[in-house]
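Sharing a structure, written as structure tokens. Questions coming.
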Amino acid sequence: MTASEIRELLKLIDRPEIISFAGGIPDPDFFPTAAIARAYEKIFQSNGGAGGALQYTITEGYTPLREWISAYMGRNGVNVGLDGVLVTNGSQQVLEFVGKLLIGAGDKIVVTRPTYLGALQAFSPYEPVYISIPMDDEGPELAALEAALAEKPKFFYLVPDFQNPNGTTVSLARREAILDLCAAAGVPVIEDTAYCELRYDGEPLPLMAALDCARNGGKLTNVIYCGTFSKTMVPALRVGWVNAAPEVINRLVLMKQAADLHTSTINQIVMHDVVSQLFDSHIKHLRVQYKERRDAMLSALEEFAPPGVTWTKPEGGLFVWIEAQEDVDGTALLARAIKEANVAFVPGSAFHADRSGRNTLRLAFSVTKPERIREGIRRLCNLLKDA
């Protein structure tokens, strides 16, 4: 386990003068705080008292919340039932458990280039050998994936919707082809969907878990699905979940019993209360707000970016990915950006298992208002011109 070389620099972004594109986090102004407060108040003012909410609960999770998740997944084509749902401390805990379950030292696993930094942090303590495959506009390149699968990896980890970090969405044809290749090779797909509800343009695509169910008689077979409320509701309650075949869930339950017994009972009860009331309306609100910020960032890049700089145009999520000129070093640029321009971002090499991509940058637009986004992009692009 190693610390990021940019960790100390990013501590500086709390300064009010810094325009930060670094944190891939939801805007606290959009949290449903009133609904959360009412849910806690309801617990402590109920006739039965708060005893049950403050007590241990079963490892699998608070049953009404699991029922809500099961129904939500069913609406999205994944009919897992309660036996296929485990509530976790965010989806990050799912990645940790998957690593523990499937990786032995020296085992190969497949990730995209780039991929989610938190997944690398979860998997790396189990000492895998990473096979990084490049991406194009439709997702992972199939020839590279087929070659990787020939090396008998333990799994393929993928963020198919508005990927963290590069915002790419895997096309429907590519999703089907990935499932074909992985099923033929006997390699499970870990589908991480933290951002799938945050779509601003275009039509929603079926979950890979739903496609897997459709091709396996309605049963989730070769996909392990990671879900979370952190980006859509609030992160601090630490409520996520995993859907998988019951035999996989049974193993993960044993891991959770050993790790932390169960996710906070009261937080699960509160989350269930809140999502039961306003999940759909809250998602609609987030889409409007974040779309405005994404559009502001893309517009500013069109206005200020120097020649030779390219960027993604995501249909949703929280991130825009910049590829600068070949000789630009993202880590060195970050140091200059903080010191000279009061702008922060995350260098793209952090999202590469092979530490490539030194000339790439991840920009998050979620917590910065549109006018500040434009000014921050102007300053950053001036530095890119110099670089």
Pair Asp280 + Lys284, salt bridge at N-O below 4.0 Å: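 No salt bridge links Asp280 with Lys284.
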
pair Phe156-Leu145: side-chain heavy atoms closer than 4.5 Å: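 In contact.
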
Distance-only side-chain donor-acceptor flag, Ser230 / Arg238, under 3.5 Å: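 A donor-acceptor contact under 3.5 Å links the two side chains.
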
Taking only distance into account, with no hydrogens and no angle test, what donor-acceptor pairs under 3.5 Å do side-chain atoms of residues 59-71 form with protein atoms, sequence neighbours excluded?
from	atom 1	to	atom 2	distance (Å)
Thr59	OG1	Leu261	O	2.9
Arg66	NE	Val85	O	3.3
Arg66	NH2	Leu82	O	2.8

Partners meeting side chain to side chain donor-acceptor pair (under 3.5 Å) with Asn382 (sequence neighbours left out):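 Result, side chain to side chain donor-acceptor pair (under 3.5 Å) vs Asn382: none returned.
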
Value rounded to 0.5 Å, distance of CZ in Phe365 from CG in Asp27: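 If I round to the nearest 0.5 Å, the distance is 12.0 Å.
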
Residues in side chain to side chain donor-acceptor pair (under 3.5 Å) contact with Ser171, at least two apart in sequence or another chain: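 If we apply the side chain to side chain donor-acceptor pair (under 3.5 Å) test to Ser171, skipping adjacent residues, the hits are Glu138.
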
Nearest-0.5 Å distance that lies between atom SG in Cys213 and atom CE in Met73: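 So the SG of Cys213 and the CE of Met73 are separated by 8.0 Å.
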
Residues which pass side-chain contact (heavy atoms from CB on, under 4.5 Å) with Ala119, listed by chain and number, not counting sequence neighbours: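 Expected list: Leu95, Tyr116, Phe123, Tyr157.
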
Side-chain heavy atoms of Pro114 within contact of Trp321, under 4.5 Å: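 The answer is yes, as the side chains (C-beta and beyond) meet within the 4.5 Å cut-off.
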
Side-chain donor-acceptor pair present, Thr263, Lys256, cut-off under 3.5 Å: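 Checked: Thr263/Lys256 side chains pair up, N/O donor to acceptor below 3.5 Å.
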
Donor on one side chain, acceptor on other, Asp260 and Gln93, under 3.5 Å: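 Yes, side-chain donor-acceptor contact under 3.5 Å.
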
Side chains of residues 34-42: which donor-acceptor partners sit under 3.5 Å, not counting sequence neighbours?
from	atom 1	to	atom 2	distance (Å)
Tyr40	OH	Asn267	OD1	2.8
Glu41	OE2	Gln45	NE2	3.4
Lys42	NZ	Asp273	OD2	2.7

Donor-acceptor pair between Thr193 and Tyr225 side chains, under 3.5 angstrom: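 Looking only at side-chain atoms, Tyr225 and Thr193 do form a donor-acceptor pair, the distance falling under 3.5 Å.
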
Parallel, tilted or perpendicular: ring planes of Trp241 versus Phe229, cut at 30 and 60 degrees: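 Tilted.
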
Side chains of Arg174 and Leu142 in contact at under 4.5 Å (non-hydrogen atoms):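 Of all side-chain heavy-atom pairs linking Leu142 with Arg174, at least one is under 4.5 Å.
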
Results of salt bridge (charged side-chain N to carboxylate O under 4.0 Å, His left out) for Lys219 - residues two or more places apart only: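 Applying salt bridge (charged side-chain N to carboxylate O under 4.0 Å, His left out) to Lys219 gives none.
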
Close side-chain approach of Phe21 to Leu361, heavy-atom, < 4.5 Å: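 Heavy-atom side-chain distance check fails, nothing below 4.5 Å.
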
Arg336 atom CZ, over 12 foreign heavy atoms within 6.0 Å: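 Yes, the 6.0 Å shell around CZ holds more than 12 heavy atoms from other groups.
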
Arg215/Glu176 salt bridge by N-O under 4.0 Å criterion: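 Yes, this pair counts.
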
Partner residues of Glu323 under the side chain to side chain donor-acceptor pair (under 3.5 Å) criterion, sequence neighbours left out: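 For Glu323, no residue satisfies side chain to side chain donor-acceptor pair (under 3.5 Å) once neighbours in sequence are set aside.
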
Residues which pass salt bridge (charged side-chain N to carboxylate O under 4.0 Å, His left out) with Arg362, listed by chain and number, not counting sequence neighbours: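 Once residues adjacent in sequence are excluded, Arg362 has no partner under the salt bridge (charged side-chain N to carboxylate O under 4.0 Å, His left out) criterion.
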
Pairs satisfying side chain to side chain donor-acceptor pair (under 3.5 Å), at least one member in residues 200-213, at least two apart: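 Non-adjacent pairs meeting side chain to side chain donor-acceptor pair (under 3.5 Å): Asp201-Arg294, Asp212-Asn216.
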
Residues which pass salt bridge (charged side-chain N to carboxylate O under 4.0 Å, His left out) with Arg287, listed by chain and number, not counting sequence neighbours: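 Expected list: Glu197.
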
Set of residues satisfying side chain to side chain donor-acceptor pair (under 3.5 Å) with respect to Thr360, sequence neighbours excluded: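 Residues passing side chain to side chain donor-acceptor pair (under 3.5 Å) with Thr360: none at all.
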
Side chains of residues 299-309: which donor-acceptor partners sit under 3.5 Å, not counting sequence neighbours?
from	atom 1	to	atom 2	distance (Å)
Glu303	OE1	Arg374	NE	3.4
Glu303	OE1	Arg374	NH2	3.1
Glu303	OE2	Arg374	NH2	2.6

